[in-house]
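In the text below, chain A, chain B and the rest are named by the order of the sequence lines, each starting its count at 1. Note that this is a predicted model, so its numbers are computed, not measured.
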Amino acid sequence: MTDLSTPAPTGGGALAQNIVHFARALREAGVPLGPGAVLDALAAVEAAGFGDRRDFYTTLHAVFVKKHEHSLLFDQAFEIFWRRRGLLEKLIAMMSPQAPGERKPRSAEAGATRVADALFKSKPVEEKPAPSIDLDARFTVSDQEILRAKDFAQMTAAEIEAARKLIRAMVMPDDRRRLRRLAPSAGRARIDPRRSFRRSLQPGGPIALAFRAPLERAPPVVALCDISGSMSEYTRLFLHFLHALGETRRVSTFLFGTRLTNVTRAMRARDPDAALAQCSKLALDWSGGTRIGDALTRFNRDWARRVLGQGAIVILFTDGLEREGVGELGRAVERLKRSSRRVIWVNPLLRFDGFSARAQGVRAILPHVDAFRPIHNLASMADLCVTLAGGREAGKAPQAWLDASA
Amino acid sequence: MSNEPLRLPTSIDETQALLRAAHYVADRSLATVLFLALRLGRPLFLEGEAGVGKTEIAKVLASTLGRRLIRLQCYEGLDVATAVYEWNYTAQMMAIRLSEAAGEHDKERIEHDVFSERYLIKRPLLQAMEPNVAGAPVLLIDEIDRADEAFEAFLLEVLSDFQVTIPELGVIKAPETPIVVITSNRTREIHDALKRRCLYHWVGYPDAAREMAIVRAKAPHAPEGLTRELVAFVQRLRKLDLFKSPGVAETLDWASALTELDAFALDPTQVSDTLGVLLKYQDDIAKIEGATAQTLIDETRAEIRRAELGSSL
């Protein structure tokens, strides 16, 4: 590995300092960087030598960017930082006889605001203290029963707070998927030759056979959540549910309204409130309109191959009320079905007793899902856990819904 | 000594020239990252769509530097026994029986004999740590996204120290850091901790000029006019909203397919018939077949004519 104990002789203090500043700006713009990255960058710049701007760019890029998505942010930060400082050209001129490369002016692009915010942050945005809700924590058993059956949309702020606590305490499904990896086991199915052999060399007795069996793990869940206006009361609590679910397995979460946003990283924050706040910041189309077919098509094209591996289960959270392009919606759900293990559709509209599958969008989705469940109160959330665990529970099969309103 | 290891390139330009000599047409940024990886002794992490030449880089590197190429293809459930080492149990059993028959009862002695290098089956990671006269080998860890997280964690340990511990034999350490190339098709996210140890590079689709150079280098028998048209066609295809855009490997396959069919220019029916070489999803093929193929060809021709006019002026 590289020896980093000695400072870069060519760079001098100015270069090192600027790389440190640059790394800090990148970090604030959202590129995760450890302190080691700066040392790596210095070593890399030294190794590459000072060529032109393009080489300098690629060198820093190789060290600082670890994800394709961050390339855009890096690009913006590089342009802004080294332009504003006007340093790079000076440094190059100072350290090599080569003339600096031409730089083309760029128009503002996506990501520019975030980077510019991080670089020229004038004053921190004042954080308003969240209004605290006085909560009656003395819920009795019968109160809890009532709460379980109550529709999320009709809950008061205090009740929602209580519901969130109950979601956290909920027993999560313990479904298992068999992996191809083997681990020591007491079961007598497969002999583990390595352990058997080593054991047999120990003194005494006949050969003691050791066994192994495939490991099992909860399959990952991919949740696609509608955040259009009609769903907003339910979405937040459902996200709380997903956050709780994410403690025992890998959960990828996507929000869609008019666009598709991946909030998986944000949802990993330990505190559910922090996670949700982060999600709201990321999704700009909260409580707007929705284009389900379009969002699912985009998911299929850009994300399906990246997150639907390892036998993932898809939870589709939407009311299914698509106004146009129902054909596209059907095709998108069909493809989704083909590339995942199971598709579970949860729909808050199912809370109405008189719900029938008459809307065009609903009829387009239903033929391709494995289960169709309500999600309007805590009881239905508990039912979803049963569905995820693969158990039988009350509720009609998707085909029955179609037949009933044919 | 005659088989002195070939020396590593000493500049970015040299790296680029080295790749070019092996008919690998790389852009400047890839050459830079590759040079850094060699110079700093860090693993190179290449991510990109299937068929853009990630695996090829390792192969070219091994052949131009005269190093041995050791390839570890990843899959789910890949474990130490298939990635690092395994004991040859049948041979060991036999050895024990034979020594018992010969009247040997000294347990220590048998154990020492049986757990010797003779009975050790070396898998790719261990092979990469062996001393080699031609210099450290190129270790290609292919499609790491197919392996599970548990293997990734193990790899982290190997990549930071380049040593493995075999309980019966002791610690085996690489005398020289191997040149490590890790590729991923991004079917899942690789953990940041592993990426942090590597130099990261996203291998994208090449632009028209570079793709032309690649086809000329790799499919030299294709007629010049056809090469130009098919590259322009594929470039156009990538701009469309397809489920899976064709990679460079597909372009090369298509070039040889059309050459085999004695084509000198793109012909709509022939394009429709051979579309399966380029596109691997039925939805995509249905979208391009027929009228769209015709329009694309017309647009491609118009573009080439414009370019010719521009250059002749």
- Check whether Phe243(B) gets within reach of chain A through its side chain, its backbone, both or neither, counting any heavy atom under 4.5 Å. both
- Message: What part of Arg146(B) gets within 4.5 angstrom of chain A, counting heavy atoms only: side chain, backbone, both, or neither?
- Response: neither
- Item | Glu168(B) versus chain A, the contacting section by heavy-atom distance below 4.5 Å | side chain
- Knowing that exactly one of Ile121(B), Val80(B), Leu120(B), Val158(B) qualifies, which makes a side-chain contact (heavy atoms from CB on, under 4.5 Å) with Leu126(B)? Leu120(B)
- Message: Against Gln310(A), only a single residue in Arg250(A), Arg341(A), Arg177(A) fulfils side-chain hydrogen bond (donor to acceptor under 3.5 Å, both in side chains); can you say which?
- Response: Arg250(A)
- The interface call for Arg331(A) against chain B, heavy-atom contacts under 4.5 Å, is neither
- Item | Residue Phe45(B) versus chain A: region with a heavy atom under 4.5 Å | neither
- What do you reckon, are the aromatic ring centroids of Phe254(A) and Trp303(A) less than 6.0 Å apart? yes
- Query: So what's closer than 4.5 Å to chain A heavy atoms on Ala31(B): side chain, backbone, both or neither?
  - Reply: neither
- Modelled atom types, side-chain donor and acceptor of His61(A) and Ser71(A), under 3.5 Å: yes
- Return the option, out of Asp302(A), Leu308(A), Asn300(A), Leu182(A), with the maximum number of heavy-atom pairs under 4.5 Å with chain B. Asn300(A)
- Query: With chain B, which of Val307(A), Val63(A), Thr59(A) has the greatest number of heavy-atom pairs at distances under 4.5 Å?
  - Reply: Thr59(A)
- Task: Counting only heavy atoms closer than 4.5 Å, note whether Arg28(B) contacts chain A via side chain, backbone, both or neither.
- Result: side chain
- Query: Ring centroid separation for Phe299(A) and Phe256(A), is it under 6.0 angstrom?
  - Reply: no
- Task: Heavy atoms only, distances under 4.5 angstrom: which of Glu47(B), Arg186(B), Lys195(B) has the most pairs with chain A? Name it, please.
- Result: Arg186(B)
- Message: Check this for me: Arg238(B), atom CZ, are more than 12 non-hydrogen atoms of other residues, nucleotides or ligands nearer than 6.0 Å?
- Response: yes
- Ring centres of Phe22(A) and Phe74(A) under 6.0 Å apart? yes
- Against chain A, work out which of Asp148(B), Asn185(B), Ile12(B), Leu30(B) has the most heavy-atom pairs shorter than 4.5 Å and name it. Asp148(B)
- Query: Side chain, backbone, both or neither: which part of Leu199(B) has a heavy atom under 4.5 Å from chain A?
  - Reply: both
- Does Arg195(A) make a cation-pi contact with Tyr89(B), if we ask for NZ or CZ under 6.0 Å from the ring centre and within 45° of the axis? no
- Message: Can you tell whether the side chains of Arg291(A) and Asp294(A) come within less than 4.0 Å, N to carboxylate O?
- Response: yes
- Given that the side chain runs from C-beta out, which part of Glu149(B) has a heavy atom under 4.5 Å from chain A: side chain, backbone, both or neither? side chain
- Under a 4.5 Å heavy-atom cutoff, which of Asp283(B), Asp79(B), Ile110(B) has the most pairs with chain A? Asp283(B)
- Verify the neighbour count for atom NE2 of His112(B): are there more than 12 heavy atoms of other residues, nucleotides or ligands below 6.0 Å? no
- Item | Part of Leu242(B) within contact of chain A (heavy atom distance under 4.5 Å) | backbone
- Message: Take a 6.0 Å sphere around CD of Glu108(B) and say whether it holds more than 12 heavy atoms from other residues, nucleotides or ligands.
- Response: no
- Taking Arg301(A), Arg335(A), His68(A) one by one, which has the highest count of heavy-atom pairs under 4.5 Å against chain B? His68(A)
- Item | Under 4.5 Å from a heavy atom of chain A, the part of Asp192(B) involved | side chain
- Item | Residue selection (most heavy-atom pairs with chain A, distance under 4.5 Å) from Arg188(B), Glu86(B), Glu76(B), Lys244(B) | Glu76(B)
